[in-house]
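Counting starts at 1 for both ligands and their atoms, following the listed order. Model, not experiment: these values are computed from the prediction. Just so it is clear, the values below take in all heavy atoms, side chains as well, and ignore hydrogens, waters and symmetry mates.
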Amino acid sequence: MKTTSELQQIDAAHNLHPFTDYKDLNKKGSRVITRAEGVYLWDSEGNKILDGMAGLWCCNIGYGRKELVDAAYQQMLSLPYYNLFFQTTHPPAAELSQILSEVTPNHFNHVFFTNSGSEANDTVVRMVRRYWDLKGKADKTVIISRENAYHGSTMAAASLGGMKPMHAQGGLPIPDIVHIQQPHWFKDGGDSTPDEFGINAAQALETKIIELGENRVAAFIGEPVQGAGGVIIPPATYWPEIQRICDKYGILLIADEVICGFGRMGRWFGSDHFQIKADLMPIAKGLSSGYLPIGGVMVSDRVAGVLIDEGGEFYHGFTYSGHPVACAVATENIRIIKEEKIIENVHDFTAPYLQKRWKELENHPLVGEARSIGFMAALELVKDKNSMECFPESDNVGLICRDACFRSGLVMRSVGDTMVISPPLIFDKSHIDELITLALKSLDLTSEKLQMKN
Ligand SMILES: *Cc1c(COP(=O)(O)O)cnc(C)c1O
């Protein structure tokens with residue numbers, strides 16, 4: 001096996017990483033992860049690291065599950081590849097589509113398979129516009145999303161997202177995608193209560209619909225809880241008001257469940273938690289616990305009915321839509337989630353415990369707010385707890401804290417000065433205790449580093 005520095009060298013010479021400043025990375029050298037088991041990672045230097053992010057919000061059942069390996073192996077032996085084009089199917093895709101109809105809310109009985117969350121959201125854009133076209137309302141093309149949303153990285157998905165730095169590269173958004181404010185009470189709430197703020201933030205949707213004209217608006221898209229934006233948990237009043245507005249104007253509601261789905265919130269879907277009745281649900285990540293790439297769009301009876309009955313051919317699909325090996329692995333993943341009652345355990349025991357322990361971090365001088373929902377949580381790092389004054393961006397406090405976490409043996413991610421976690425759903429109480437201990441140690445290291453700078 002190659003040494004760490006050999007791997008770093010060839011990586012720097014040939015590998016362009018996602019969301020990375022190449023020059024900066026090549027100066028430092030990549031961290032090399034070589035192995036994982038349960039909730040731990042090991043790097044090439046033998047350091048053991050607690051994975052507070054479940055990979056990238058996806059490894060819900062943890063690492064090293066042999067059943068998933070066997071499912072992939074057996075499927076590769078019997079049928080490693082076939083497609084779903086030309087009026088053909090295969091057992092893994094047919095079976096997974098049925099299982100997905102069972103675990104999603106009742107009015108979802110169809111899935112369109114993709115290979116990622118980004119492709120799922122590209123599919124959403126095409127499907128929404130096709131739906132309205134078939135309904136004789138071809139002018140309804142505008143999709144309303146939110147600032148600081150994350151829906152993926154392809155042209156359409158990045159356009160749906162509300163990340164300004166992403167839009168600035170490559171002339172995005174594509175036409176007819178607009179953004180309203182996000183329901184981020186800590187940042188934008190001002191003097192209002194969370195409940196008042198939730199209503200106001202949702203009513204920005206109605207204002208936008210009126211401004212654009214009802215006859216132009218096709219859909220609204222939102223993550224039940226914004227993940228990559230910084231685990232932004234909307235006030236309880238937000239989703240009911242969004243639902244009311246979508247229902248009032250008859251526009252399609254899209255719940256991007258790529259992170260929230262498959263147990264992340266202590267329910268099967270974020271829509272179950274907030275009682276959202278969505279028309280489309282993009283899924284990915286936890287669908288296969290990240291063991292293989294697979295995503296999809298859950299299509300409600302309302303939309304599927306039109307596509308099927310009035311449709312003709314929908315000119316859309318991927319070579320690997322419903323890849324048999326990925327479907328077999330996803331099916332096994334869902335079987336394990338059900339059989340081991342992983343979601344029930346999160347809901348009843350571990351998420352309440354995480355919430356209690358996470359809240360303790362608010363006692364730390366750097367932490368302005370510690371919030372969590374299910375198995376997602378965030379810390380807002382602030383300069384002054386009384387005034388909630390933020391650090392200047394140039395201090396890069398989030399990055400300092402992220403590096404401190406790594407050095408302490410914990411993966412916690414930074415989004416600006418917001419630290420976020422999304423642990424594997426199999427974290428038990430002792431893992432949560434370990435997480436809190438390591439997080440505190442990392443916060444202390446961050447404080448020390450900041451003092452040294454001043
Ligand atoms: C990660 C993510 C996506 C994109 O999924 P990829 O598989 O990376 O393409 C879309 N939506 C949300 C909410 C996500 O978190």
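- Relative ring orientation between H316 and F112 is described as tilted, the plane-to-plane angle lying within the 30° to 60° band.
- Checked options R146, Q226, E147; the residue passing with Q182 is Q226 (criterion: side-chain hydrogen bond (donor to acceptor under 3.5 Å, both in side chains)).
- None of R371, E369, E380 except one satisfies the side-chain contact (heavy atoms from CB on, under 4.5 Å) rule with E362; the exception is E369.
- Exactly one of T350, L354, L435, N345 qualifies for a side-chain contact (heavy atoms from CB on, under 4.5 Å) with F427. That residue is L435.
- Residues of the protein with a heavy atom under 4.0 Å from ligand 1 are S116, G117, S118, N121, Y150, H151, G152, E223, D256, V258, I259, K285, listed by chain and number.
- In this structure, S101 contributes its side chain and S97 its backbone to a donor-acceptor pair below 3.5 Å.
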Does the pair H167 and H179 meet the rule for a ring-ring contact (aromatic ring centres under 6.0 Å, His included), with working shown? CA-CA 12 Å; H167 291 170; H179 300 83; 5.2 Å; yes
